[in-house]
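Report on one structure; see the data block that follows.
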Amino acid sequence: MENKRGHMGKTVIFESKDDHDLFLKDYNSPSLTKKIFSNWMYQGKYNTLNIKFKENIINELLKKDFITENKFSNYNFELEKLHLCLKSELKNLDESEQNEISISFYETSHIIKKSYVEFIKKVVSPLFSENIYYQIVPTFRFHFPNQKGYDWEDRYHSDIMLGHPPFEFNLWIPFTKVYSTNSMRLMPYKESIKLMEFCNNDFELFAKKTQYDENFRNRLKQESSPLDMNYGDFIIFDPRCLHCTQYNDTKDTRVSMDIRIIMESAFRNYSREYKTTGRKKMPFLPGHYFSEKAV
Ligand SMILES: O=C(O)CCC(=O)C(=O)O
Ligand SMILES: [Fe+2]
């Protein structure tokens with residue numbers, strides 16, 4: 001018997017038909033990414049001499065005793081080779097597709113937080129004509145080659161189907177070279193909408209087909225591609241776009257950060273309450289999921 005679950009049982013639950021209708025109103029509202037960037041995504045660059053994510057991440061790994069300077073120096077301090085310096089149990093994945101190192105980065109040094117906020121203020125915020133709020137605790141991912149525990153089909157999803165408001169923007173920022181299976185696969189807006197419509201915008205059905213319908217899975221793969229990016233690049237994409245982590249069968253570690261931002265005006269446009277679907281049920285509001293102040 002198969003018991004791959006992927007995102008099954010983890011998609012947003014609507015309290016009533018009204019709640020669902022209100023959600024659909026937001027979900028079907030025009031894409032803000034298209035409005036601002038004239039496209040469903042925007043690719044940008046920033047100066048890594050000014051915002052030193054990589055150096056700060058390496059210092060944090062040393063501080064947390066995940067690696068020693070002596071060992072990492074054998075690999076020229078290249079994050080791509082991080083997996084060769086780590087104890088193997090640190091690399092195993094849990095059910096939420098995370099390992100111990102990624103989880104430990106939910107708590108990071110002041111220095112990493114400072115570069116994060118600087119990145120938002122100096123690089124991201126100027127792209128918008130109004131102030132933005134940012135995800136207060138950024139998600140860092142350390143994605144190692146051949147991680148144990150990856151026993152599901154690639155979990156294509158949009159963050160919206162996991163409870164996020166349709167007015168967010170997704171940002172994805174790699175700190176290593178990313179390519180092929182160590183990267184995230186991303187599907188353009190039109191195809192994402194189409195494949196979700198094929199499931200009648202039923203997120204549980206989508207999650208099930210993603211695990212159990214081979215034809216559907218082939219379509220997901222055909223319509224998406226892995227991001228090919230370098231340190232210093234970042235991408236913003238519409239939150240309806242489907243994306244997934246893949247089983248990393250390259251020889252390189254991927255380190256990345258993914259965050260969500262939202263414009264000040266969006267909160268007035270929420271037709272319903274948006275909350276995280278996990279245990280915490282955190283509202284997608286300033287001072288909760290998002291920063292207290294707009295920048
Ligand atoms: O980086 C990944 O592999 C997945 C990231 C993701 O799901 C997101 O950015 O929302
Ligand atoms: Fe996601």
Side-chain angles (χ1 to χ4, degrees), residues 6-7 10-12 33 40-44 53 57 79-80 82-83 91 93-99 101-103 105-106 116 119-120 124 134-135 137-147 149-150 152-189 192 195-196 203 206-207 210 220-221 224-231 233-250 252-262 274 276-278 284 289-290:
H7 283 122
K10 305 234 174 77
T11 65
V12 54
T33 318
W40 59 273
M41 60 99 164
Y42 169 85
Q43 275 189 288
F53 278 122
I57 289 170
L79 280 176
E80 284 82 354
L82 180 62
H83 58 285
K91 296 182 255 183
L93 283 183
D94 69 9
E95 244 214 5
S96 61
E97 220 166 42
Q98 294 217 327
N99 53 46
I101 304 210
S102 303
I103 293 168
F105 267 67
Y106 282 119
Y116 171 52
F119 171 74
I120 298 289
V124 182
Y134 54 92
Q135 181 177 333
V137 182
T139 313
F140 284 89
R141 290 178 209 258
F142 293 81
H143 192 39
F144 304 114
N146 305 307
Q147 289 183 127
Y150 198 102
W152 43 79
E153 301 294 339
D154 289 349
R155 310 197 310 182
Y156 288 86
H157 67 278
S158 72
D159 292 4
I160 298 176
M161 70 183 240
L162 305 177
H164 289 245
F167 306 118
E168 279 180 357
F169 297 80
N170 281 72
L171 265 78
W172 200 83
I173 307 107
F175 305 123
T176 52
K177 182 172 170 46
V178 296
Y179 63 98
S180 178
T181 57
N182 74 22
S183 190
M184 181 178 80
R185 288 187 86 84
L186 180 62
M187 191 183 294
Y189 181 85
S192 298
L195 285 181
M196 197 53 96
F203 299 146
F206 176 88
T210 300
L220 288 167
K221 191 157 190 190
S224 61
S225 43
L227 294 169
D228 208 324
M229 294 165 73
N230 291 300
Y231 181 43
D233 297 340
F234 69 96
I235 184 170
I236 301 180
F237 59 92
D238 188 281
R240 295 164 190 80
C241 292
L242 297 168
H243 54 275
C244 69
T245 307
Q246 310 173 82
Y247 182 79
N248 180 358
D249 61 10
T250 73
D252 292 311
T253 289
R254 175 251 290 198
V255 183
S256 60
M257 176 175 80
D258 47 278
I259 55 152
R260 290 109 201 115
I261 57 160
I262 196 159
Y274 289 92
T276 56
T277 48
F284 285 99
Y289 183 85
F290 294 111

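Side chains are part of it too, since the values below use all heavy atoms of this structure and drop only hydrogens, waters and symmetry mates. Read the numbers this way: they start at 1 and go in the same order the structure lists the ligands and their atoms. Please read all numbers here as calculations on a predicted model, not as lab measurements.
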| remark: Rounded to the nearest 0.5 Å, the OH atom of Tyr231 sits from the CD atom of Glu80 at a distance of 11.0 Å
| said: Under the salt bridge (charged side-chain N to carboxylate O under 4.0 Å, His left out) definition, can you give me all pairs with a residue in residues 159-179, not counting sequence neighbours? | reply: Asp159-Arg260
| query | Counting no waters, what protein N/O/S atoms lie under 2.8 Å from the Fe ion (ligand 2)? | reply | His157 NE2, Asp159 OD1, His243 NE2
| said: Is the ring pair Tyr42/Phe234 parallel, tilted or perpendicular, if the boundaries are 30 and 60 degrees? | reply: tilted
| Under 30°, 30 to 60°, or over 60°: which ring-plane class applies to Tyr150 and His143, parallel, tilted or perpendicular? | tilted
| message | Can you see whether Gln147 engages Asn248 through a side-chain donor-acceptor pair at a distance of less than 3.5 angstrom? | response | no
| field | Glu95/Lys10 salt bridge by N-O under 4.0 Å criterion | value | yes
| said: List the residues meeting ring pair (Phe, Tyr, Trp, His ring centres under 6.0 Å) with Phe144, not counting sequence neighbours, and say none if there are none. | reply: none
| query | Is there a side chain to side chain donor-acceptor pair (under 3.5 Å) between Tyr116 and Gln135 once you walk through the steps? | reply | CA-CA 10 Å; Tyr116 171 52; Gln135 181 177 333; 5.6 Å; no
| said: Can you classify the ring geometry of Phe237 versus His243 as parallel (below 30°), tilted (30 to 60°) or perpendicular (above 60°)? | reply: perpendicular
| field | Residue contacts for ligand 1, heavy atom to ligand atom, distance under 4.0 Å | value | Arg141, His157, Asp159, Asn170, Trp172, Met184, His243, Thr245, Arg254, Asp258, Arg260
